[in-house]
Structures are given as structure tokens and as C-alpha cells.
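Just so we're on the same page: letters track the sequence lines, and every chain starts at 1. Here the structure is a predicted model, which is why all the values come from computation and not from measurement. Scope of the values below: all heavy atoms of this structure, side chains included, with no hydrogens, waters or symmetry mates.
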Protein chains: 2
Amino acid sequence: MKKSSTIPADLSARIAGEIRDAIISGRLIVDERLPSEAELANQFKVSRPTVREALKRLAAQSLIRTQRGASGGAFVNRLRFEDAYGQMITTSTLLLSMNEVSFDVACEARFAMERACVPLATARRDAAHLERMRIELDRQAQPDLTDEDFCSSDVAFHRALVDGAGNPALSYQLAGVVEGMLPLMNMITFTARSRENIQQLHGEIFDALVRRDSDSVTNALSELERYTLRLGRQVIVARNKKSD
Amino acid sequence: MKKSSTIPADLSARIAGEIRDAIISGRLIVDERLPSEAELANQFKVSRPTVREALKRLAAQSLIRTQRGASGGAFVNRLRFEDAYGQMITTSTLLLSMNEVSFDVACEARFAMERACVPLATARRDAAHLERMRIELDRQAQPDLTDEDFCSSDVAFHRALVDGAGNPALSYQLAGVVEGMLPLMNMITFTARSRENIQQLHGEIFDALVRRDSDSVTNALSELERYTLRLGRQVIVARNKKSD
DNA sequence: CGCGGATCATTTGTCAGACATTTAACCGGA
DNA sequence: TCCGGTTAAATGTCTGACAAATGATCCGCG
């Protein structure tokens with residue numbers, strides 16, 4: 001546990017860092033109440049606004065929650081997966097949309113991780129997962145579905161597949177991929193894609209999952225990866241042509 | 001893109017949310033300068049400290065950076081993988097250490113994701129990756145290595161394996177697993193583990209990677225998973241006995 | 001005319017104090 | 001005993017001010 005010794009010129013950043021370290025190292029335990037803002041200001045020899053800025057930084061990371069009123073204050077937050085999902089998705093989306101990650105790289109990462117869920121999902125998927133997937137298959141078959149709705153159904157379908165693995169840590173990790181990357185990939189490919197192709201592959205995945213046939217699910221996913229990759233490249237080529 | 005319509009009683013949280021939405025939706029582009037704090041305070045009809053709290057929230061997520069002086073201000077940050085690593089690791093660590101994630105679940109998730117990197121790593125690993133792994137293998141063979149150093153070498157070894165896949169998006173996702181979960185798992189098992197066993201499996205992984213033998217790497221990883229799982233359960237049983 | 005240094009304006013960082021709002025706990029009366 | 005008002009503590013917000021950093025500007029000198 002090294003301390004962050006990197007000249008943090010900012011007082012509020014430094015204070016936030018110290019409290020964060022205390023939480024991570026376990027010196028502050030879950031649901032423990034931090035000293036009041038006034039006390040913290042005294043302890044750190046800074047003003048209350050500075051302390052507040054530090055606390056807001058921690059609140060933005062869901063490390064603490066605050067409560068008003070008597071016996072209120074800042075409490076160490078028990079971090080839940082749901083809290084972390086939002087941040088995960090935001091970060092993944094931004095990384096993809098403004099970093100120099102190519103479509104190919106994102107596609108490869110997404111399907112590699114999705115395939116990692118397959119063996120567990122085939123073993124553990126229950127009726128509820130299959131039902132969720134069936135509902136989305138039906139939605140995707142409706143011809144008057146908007147592109148946006150088709151995309152969100154796509155997300156829900158893959159989400160169900162991932163959740164079928166029955167491992168919350170895996171679901172958390174995949175949240176960034178499925179709900180961050182997948183929508184962006186859809187935004188790129190939706191002009192060129194064939195819903196029929198995608199539906200058919202989704203159908204294969206579903207059927208194989210029903211049969212608990214791990215290899216077939218993996219193959220269908222790989223097929224979907226190849227198709228998505230082809231679409232992405234096609235769109236990018238078209239763009240380059242237009243910009244000539 | 002729905003707006004967050006969930007009664008965020010907090011002014012600074014609401015303002016941070018609005019700016020965040022603007023960044024994610026692309027209305028604010030990378031390196032664009034936000035209005036000064038005073039202007040933002042006017043626009044949102046709040047005071048400057050409130051605006052500052054909102055900006056600190058965004059800074060905590062690396063969405064903006066600030067600069068002092070004339071022509072300074074808050075700028076939309078180009079999110080880099082390195083910036084996101086830290087948060088990813090913090091979050092993974094906390095999720096594991098204070099949430100109700102069992103050792104088994106964490107172990108399963110970690111190895112599932114690590115195996116997902118294997119096909120790519122066997123295809124793309126270069127001399128530098130192998131060299132990094134060889135160095136760590138040598139370190140791990142030193143009998144006078146402290147437990148802490150052995151653990152950090154373990155992390156570096158698996159890190160090299162993951163990076164061998166040559167996919168930054170995958171490396172980013174795995175950072176949370178390898179640098180967050182692995183150390184915690186080591187903290188649990190280090191009392192019971194046999195370095196010889198681990199070294200041997202690491203050796204198998206390395207050799208198979210040299211031969212570009214994907215299946216053997218996967219098998220060795222699965223073997224390591226079984227061993228780790230056994231250790232974890234053993235430690236937990238021992239704990240329960242002691243607490244009787 | 002060119003250039004270097006002093007000055008200035010702008011912007012974030014920090015502080016002090018005040019008031020508003022929320023909430024739990026306390027206390028007194030029916 | 002229970003109910004309701006009062007009170008105190010804590011966060012949320014505002015005002016105003018000064019410090020510090022930093023780029024731009026201007027002036028004087030060679």
C-alpha cells in the first residue's frame with residue numbers, strides 16, 4: 001500500500017486521497033461515519049469549502065454518501081455492483097468514443113469477453129434468462145421496430161446471456177462491454193446491418209443455450225463477431241470513400 | 001440518451017450531471033474549454049462554491065482537468081486508459097473487499113476473463129512479453145522473496161500474459177481483475193499456498209506461450225484456478241474452525 | 001524598429017462567516 | 001404512555017474576499 005507521493009498541488013485532491021486511502025486500506029470501515037465537515041476542516045487545517053470539495057470527489061466515486069440533519073454526515077458507502085455499473089459504462093463509453101480505439105479492437109475485446117461467459121452460462125442459465133432472451137428475440141422480429149429499439153433489445157439480449165453465467169463479478173465487468181461498447185458499435189453499423197442475419201445468429205445462440213451446447217453458442221458468437229467486423233470495416237471504407 | 005430525471009436534490013450533483021451528459025453526448029468535445037466558474041455560476045443561477053463542487057465531482061472521474069491562471073479554466077479531458085486504470089482498480093478492490101462477493105465467485109470471474117485473453121496472447125505475444133514473464137519467473141524462484149514481493153511478481157506475470165493479447169481494451173478490462181482481485185486473493189491464500197506449485201504452473205504457461213500452444217496455456221490456467229480455489233476454501237474452512 | 005521585462009487582467013484555489021434546510025433526539029403535557 | 005413541539009447538529013448554499021498562477025499587454029531602452 002504505497003501512498004500517493006505525487007505532488008498533489010490541490011488541497012481538496014490531497015484530502016480526498018487521504019480519506020480514500022483510509023477507506024481502501026480498511027482503516028475506515030463500511031457505514032462508519034466520518035467526522036463532520038467542521039471537524040475535518042480543523043483536523044486538516046483547511047476551510048470547510050475545501051473539505052466539502054474533497055468529500056464531493058469521494059461522493060462522485062460512490063465511496064461515501066452524505067446525509068443531512070442531526071446525526072447526519074458522511075458515511076463510508078458499501079459499494080454495490082449497481083453503483084459501480086454506471087461509472088463502468090460511462091468510462092467505457094468515453095474511452096471508446098474519444099480514445100483512439102479502433103472498431104476492430106473494440107469488437108475483438110467485446111466478443112472475447114462475451115465468449116468467456118459462455119461455459120458458465122450454458123451450465124447455469126435458468127428459465128428466467130431464457131425467457132428474457134425469448135422476449136428480446138420476439139421484439140427483434142417486429143419489422144416496425146426503430147433502430148434505437150432494436151439496439152436496446154440487442155443490448156438486453158446479450159445482457160441476459162452474460163447474466164446467465166450467474167457470476168455478479170463477471171456481469172459487472174461485462175457491463176462496460178455490453179452497455180458501453182455494444183451501443184457504440186451499433187451506432188456505427190446500424191446503417192449497413194441486416195436484421196435478419198443478426199436475428200438468425202441470436203436464434204442460434206438461444207437454441208444452443210437451451211440445449212446447453214457450449215460449443216455452438218461460442219461458434220455463433222464468433223460468427224456474429226466476424227459479421228460485425230465485416231460490417232464495421234464496410235462502413236469505414238464507405239466513409240473514407242465519401243471523404244475523398 | 002435519456003436525461004437523469006431522478007430528483008437529484010443536490011444542486012452540485014445535478015449540475016455535474018448536466019455537464020457530464022454534455023460530454024458523453026458529444027456536445028462538449030475533447031479539450032474544449034468550459035465557461036469560467038463565475039460564468040457557470042451565472043448560467044446555472046448558483047454560487048461559485050456550488051459550481052466548484054460540481055466541477056470537482058467531474059474531476060474525480062477524470063472527465064475534466066483544470067488549469068489556473070489567465071486562459072486557464074476547466075477543459076474536457078481526453079480520457080486515457082491509464083487514467084481509467086486507477087479507478088478500475090480502486091473500484092474492483094472495494095467491490096471485492098466489502099461487497100458480498102465470495103472467494104469462489106471472484107476466482108471464477110478472474111480465470112474466465114484471463115482465459116479469454118489466451119487465444120489472442122498465443123497469437124500475438126512478442127519477445128518483450130516473454131522477457132517480462134521470464135524475469136518474473138526468475139524472481140519467483142528466489143527463496144528469500146517476501147510474500148509481498150512474490151505477490152507483486154505474480155501480478156506482473158499475469159499482467160504480461162494479458163498484455164500479450166495486444167488489445168488495450170482487453171488490458172483495461174483485465175486491469176481490475178489482475179491488479180484488484182489477484183492481490184486480494186493472494187492476501188487470502190498466501191498462508192497456505194505452495195510457491196513450488198504456482199511456479200510450476202507459471203512455468204507451464206510460459207512454455208506453452210513460447211510454443212504458441214493455446215490449449216496448454218488454457219489448461220494450465222484452469223489448473224491454477226482449481227488450485228487457487230482449493231486453497232481459498234481451505235483457508236476459509238480453517239477460519240471457521242478457529243471461530244468456533 | 002525590435003526586444004525584454006514589468007505590469008495587468010483573468011481565472012482557479014482558498015478562506016471566513018453567515019443563513020437555510022433537514023433530521024433526529026429531547027422534553028413536556030394530555 | 002404517547003404525541004407534538006422545540007431544539008440542536010449537521011449538511012446545503014450563498015456572499016465576499018484574498019492569494020496565486022499565468023498568459024497578454026504595454027512601456028522603455030538599446
#### Entry: Candidate pair A:Arg233 and A:Asp104, rule salt bridge (Lys or Arg N to Asp or Glu O under 4.0 Å), full reasoning
CA-CA 8 Å; A:Arg233 288 183 175 162; A:Asp104 288 16; 2.7 Å; yes
#### Entry: Heavy-atom donor-acceptor pair, B:Arg48 side-chain to D:dG16 base, under 3.5 Å
no
### Task
Output yes when B:Asp21 and B:Arg27 qualify as a salt bridge under the 4.0 Å nitrogen-oxygen rule, no when they do not.
no
### Message
So that I can tick it off, tell me whether A:Arg132 and A:Asp126 are bridged by a salt bridge, with the cut-off set at under 4.0 angstrom between side-chain N and carboxylate O.
### Response
no
### Message
Looking at A:Lys45, I'd like to know whether one of its side-chain N or O atoms comes within less than 4.0 Å of OP1 or OP2 on C:dC15.
### Response
no
#### Entry: Aromatic ring pairing B:Tyr172/B:Phe81, orientation class (parallel under 30°, perpendicular over 60°, tilted between)
tilted
### Query
Below 4.0 angstrom from OP1 or OP2 of D:dG12, is there any side-chain N or O of B:Thr50?
no
### Summary
Sorted by number, residues from residues 60-69 of chain B placing a heavy atom under 4.0 Å from DNA chain D are B:Arg68, B:Gly69
### Message
Measure CD/A:Glu53 against P/D:dT13 and give the value in whole Å, please.
### Response
14 Å
### Message
Nearest to the A:Ser47 side chain among C:dA16, D:dA10, C:dA9, which nucleotide is it?
### Response
C:dA16
### Query
To the side chain of A:Ser36, which of C:dT10, D:dT15, D:dT11 is closest?
D:dT11
### Task
Round to a whole Å and report the spacing from CD1 of B:Ile15 to P of D:dG12.
14 Å
### Given C:dT14, D:dC14, D:dG23, the nucleotide with the shortest approach to the side chain of B:Leu11
D:dC14
### Query
When you match A:Ala70 and A:Arg52 each to their closest nucleotide on DNA chain D, which lands nearer the 5' end?
A:Ala70
